[in-house]
Protein chains: 2
Amino acid sequence: MDNNICNRLPLGRSLAILAKTYYGALTKRLEHLEIERYYSILILIENHGAKCTQQFICDELKMDKVSMVRIVDYLIEKKYVKKVVNPKDRREHFIQLTKKAIEVLPAIHQAIDEVNSAALKGIAKEKQKELYSQLNSIQMNLAHLPSQKIYINYKKASKKV
Amino acid sequence: MDNNICNRLPLGRSLAILAKTYYGALTKRLEHLEIERYYSILILIENHGAKCTQQFICDELKMDKVSMVRIVDYLIEKKYVKKVVNPKDRREHFIQLTKKAIEVLPAIHQAIDEVNSAALKGIAKEKQKELYSQLNSIQMNLAHLPSQKIYINYKKASKKV
DNA sequence: ATAAATAGTTAGTATTATTAACTATTAATT
DNA sequence: AATTAATAGTTAATAATACTAACTATTTAT
């Protein structure tokens with residue numbers, strides 16, 4: 001049997017395992033901050049600026065908006081973000097970083113850098129870039145893949161009708 | 001802002017999104033089979049043979065054994081697997097494929113092949129191998145990563161003590 | 001013979017995802 | 001201008017999954 005995890009399992013399963021292992025390592029480094037797994041949200045807002053609506057965050061992180069309500073509530077309770085109604089469109093709420101979040105972000109980046117460089121150890125810098133671009137390309141390829149059910153092709157012999 | 005998902009988000013988050021997208025595509029192709037996301041288990045057993053214990057499956061798929069109890073129950077209910085007590089060690093139960101599972105596996109493989117080739121479109125065969133080997137190496141690197149909490153390095157100026 | 005370890009199970013809890021129904025607001029249509 | 005659609009966010013209910021602890025049965029180690 002092949003000892004490469006990607007050959008033993010469906011690609012998506014391998015990716016899920018990687019993601020879980022990565023999250024475990026990262027979350028342990030940051031669990032005392034009480035941001036759970038929500039550092040991605042802080043980083044998203046950090047990158048995108050003061051105009052992140054909940055819907056935007058859901059779209060970027062491929063999460064559903066119902067779950068996002070509670071996550072944002074949690075982050076507000078922990079004082080990492082605040083909600084600001086968009087005066088131009090009062091349906092939208094901008095989720096913005098607080099002073100506390102800004103203070104904490106360097107530690108988050110440090111943890112991510114540590115785990116990233118541990119994860120990518122042994123992979124040359126150019127290869128890392130190539131890997132990132134391949135992963136991005138996979139995501140793009142899958143994002144709008146039409147779905148068609150696959151049916152079982154029973155052999156006539158095994159079907160006694 | 002960089003438009004590559006891996007540069008916008010922590011690597012683990014990008015991988016989780018990829019995994020989710022992949023699973024979505026695959027599950028839609030197979031949802032009528034009522035194996036939920038458990039085709040990985042069938043494939044694992046297919047590869048490893050008749051001596052897969054629940055614990056082995058958990059170790060391979062990085063799942064916890066408590067959840068595995070219910071999943072195996074579900075797969076038994078749907079007649080995809082059966083439980084056989086290991087006569088050499090009666091604590092262990094081998095999880096084995098049924099005739100139904102064996103009949104269904106070609107359809108699962110076809111679906112995986114379809115989604116894989118869609119996902120990897122535009123990536124040359126040798127590059128695919130390289131990608132798989134990089135993903136495997138990331139998993140190995142992360143698997144036994146020691147964890148150390150990262151603390152916030154407050155500037156003296158911002159701390160009025 | 002006893003203690004420790006392992007495989008699996010059950011119960012309880014927490015997290016997350018999913019669906020549907022809802023409010024408030026904005027945009028589109030007649 | 002009035003009505004209808006659509007959008008952002010919320011709430012409630014349900015289902016899936018993960019995690020912890022406590023438990024049984026069995027095997028291994030002392």
Side-chain angles (χ1 to χ4, degrees), chain A residues 12-13 16-17 19-28 30-31 34-41 45 48 51-78 81-96, chain B residues 12-13 16-17 19-28 30-31 34-41 45 48 51-78 81-96:
Chain A
R13 185 74 218 178
I17 291 173
K20 191 176 179 180
T21 313
Y22 183 101
Y23 260 59
L26 192 49
T27 304
K28 268 196 184 157
L30 297 171
E31 61 189 352
E34 296 187 301
I35 16 176
E36 304 298 320
R37 304 184 193 75
Y38 311 142
Y39 29 77
S40 297
I41 296 175
I45 301 174
H48 192 258
K51 299 201 168 175
C52 283
T53 61
Q54 287 184 209
Q55 190 57 56
F56 174 81
I57 296 170
C58 291
D59 291 342
E60 287 289 306
L61 302 183
K62 316 292 178 218
M63 296 177 75
D64 84 307
K65 63 180 185 172
V66 179
S67 308
M68 191 53 67
V69 172
R70 297 209 190 134
I71 294 171
V72 167
D73 281 350
Y74 177 87
L75 288 173
I76 288 172
E77 186 200 317
K78 295 295 176 188
V81 301
K82 60 194 171 193
K83 252 188 219 171
V84 177
V85 173
N86 178 3
K88 297 271 178 61
D89 183 341
R90 298 182 50 235
R91 288 171 303 185
E92 293 183 343
H93 297 170
F94 294 139
I95 311 301
Q96 301 179 339
Chain B
R13 185 75 218 176
I17 291 174
K20 191 176 178 179
T21 313
Y22 182 101
Y23 260 60
L26 191 49
T27 303
K28 268 196 183 153
L30 298 171
E31 61 189 352
E34 296 187 299
I35 15 176
E36 305 296 322
R37 303 183 193 75
Y38 311 143
Y39 31 77
S40 297
I41 296 176
I45 301 174
H48 192 259
K51 299 201 168 177
C52 284
T53 62
Q54 286 185 210
Q55 190 58 54
F56 174 81
I57 296 170
C58 291
D59 291 342
E60 287 289 307
L61 302 183
K62 315 292 179 219
M63 295 177 76
D64 86 306
K65 63 179 185 173
V66 180
S67 309
M68 192 52 67
V69 172
R70 296 206 192 135
I71 294 170
V72 168
D73 281 351
Y74 177 87
L75 288 174
I76 289 173
E77 186 199 318
K78 295 295 176 190
V81 300
K82 59 194 171 196
K83 253 188 219 171
V84 177
V85 173
N86 178 3
K88 298 272 179 62
D89 182 342
R90 299 183 49 236
R91 289 170 302 183
E92 292 183 342
H93 297 172
F94 294 139
I95 310 302
Q96 301 178 341

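Residue numbering restarts at 1 for every chain, and letters A, B, ... go by the order of the sequence lines.
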Please report the interatomic distance CD1(B:Ile45) to CG(B:Leu75), rounded to the nearest 0.5 Å. 7.5 Å

Across every strand shown, the nucleotide meeting Watson-Crick or G-U wobble geometry with D:dA5 (both distances under 3.5 Å) is none

Under 3.5 Å on both distances, the Watson-Crick or G-U partner of C:dT26: none

Between D:dA8 atom C1' and A:Lys65 atom NZ, what is the distance in whole Å? 6 Å

Please round to the nearest 0.5 Å and tell me the distance separating atom CZ of A:Arg13 and atom OH of B:Tyr39. 9.0 Å

Figure out the CD/P separation between A:Glu34 and C:dT15, and round it to whole Å. 12 Å

Atom CD1 of A:Ile76 and atom C1' of D:dG9 are separated, to the nearest Å, by 12 Å

Reported CD-to-CD1 distance for the pair A:Glu60 and B:Ile17, which is rounded to 0.5 angstrom: 8.0 Å

Are B:Ile35 and B:Lys78 close enough that some pair of their side-chain heavy atoms sits under 4.5 Å apart? no

Would D:dA5 be called syn or anti, given that syn covers angles within 90° of 0? syn

With a non-hydrogen cut-off below 4.0 angstrom, is A:Tyr38 in contact with a base, only sugar-phosphate, or nothing? sugar-phosphate

A:Gln54 CD to D:dT10 C1', straight-line distance once rounded to whole Å: 9 Å

Between the protein and nucleotides 18-21 of chain D, which nitrogen or oxygen pairs are less than 3.5 angstrom apart?
none

Rounded off to whole Å, could you give me the CZ-to-C1' distance for the A:Phe94 and D:dA8 pair? 12 Å

Does any part of the side chain of B:Lys82, heavy atoms only, come nearer than 4.5 Å to the side chain of B:Phe94, both counted from C-beta? no

Apply the side-chain contact (heavy atoms from CB on, under 4.5 Å) test between A:Ile95 and each candidate in A:Ile76, A:Val84, A:Val72; give the one that qualifies. A:Val72

Grab the NE2-C1' distance between A:His93 and D:dT7 for me, whole Å please. 12 Å

Summarise how protein sits on nucleotides 23-30 of chain D as a single string, 5' to 3': B when a protein heavy atom is under 4.0 Å from the base, S for sugar-phosphate-only contact, - for no contact. --BBS---

Value in whole Å for how far the C1' atom of C:dT16 lies from CD1 of A:Ile41: 13 Å

Side-chain touch B:Glu34/B:Tyr74, heavy atoms, less than 4.5 angstrom: yes

Provide, to the nearest angstrom, the distance between the OH atom belonging to B:Tyr74 and the C1' atom belonging to D:dA15. 12 Å

Less than 4.5 Å apart, side chain to side chain, heavy atoms only: is that true for A:Lys83 and A:Gln54? yes

Do B:Met63 and B:Ile57 touch side chain to side chain, with heavy atoms closer than 4.5 Å? no

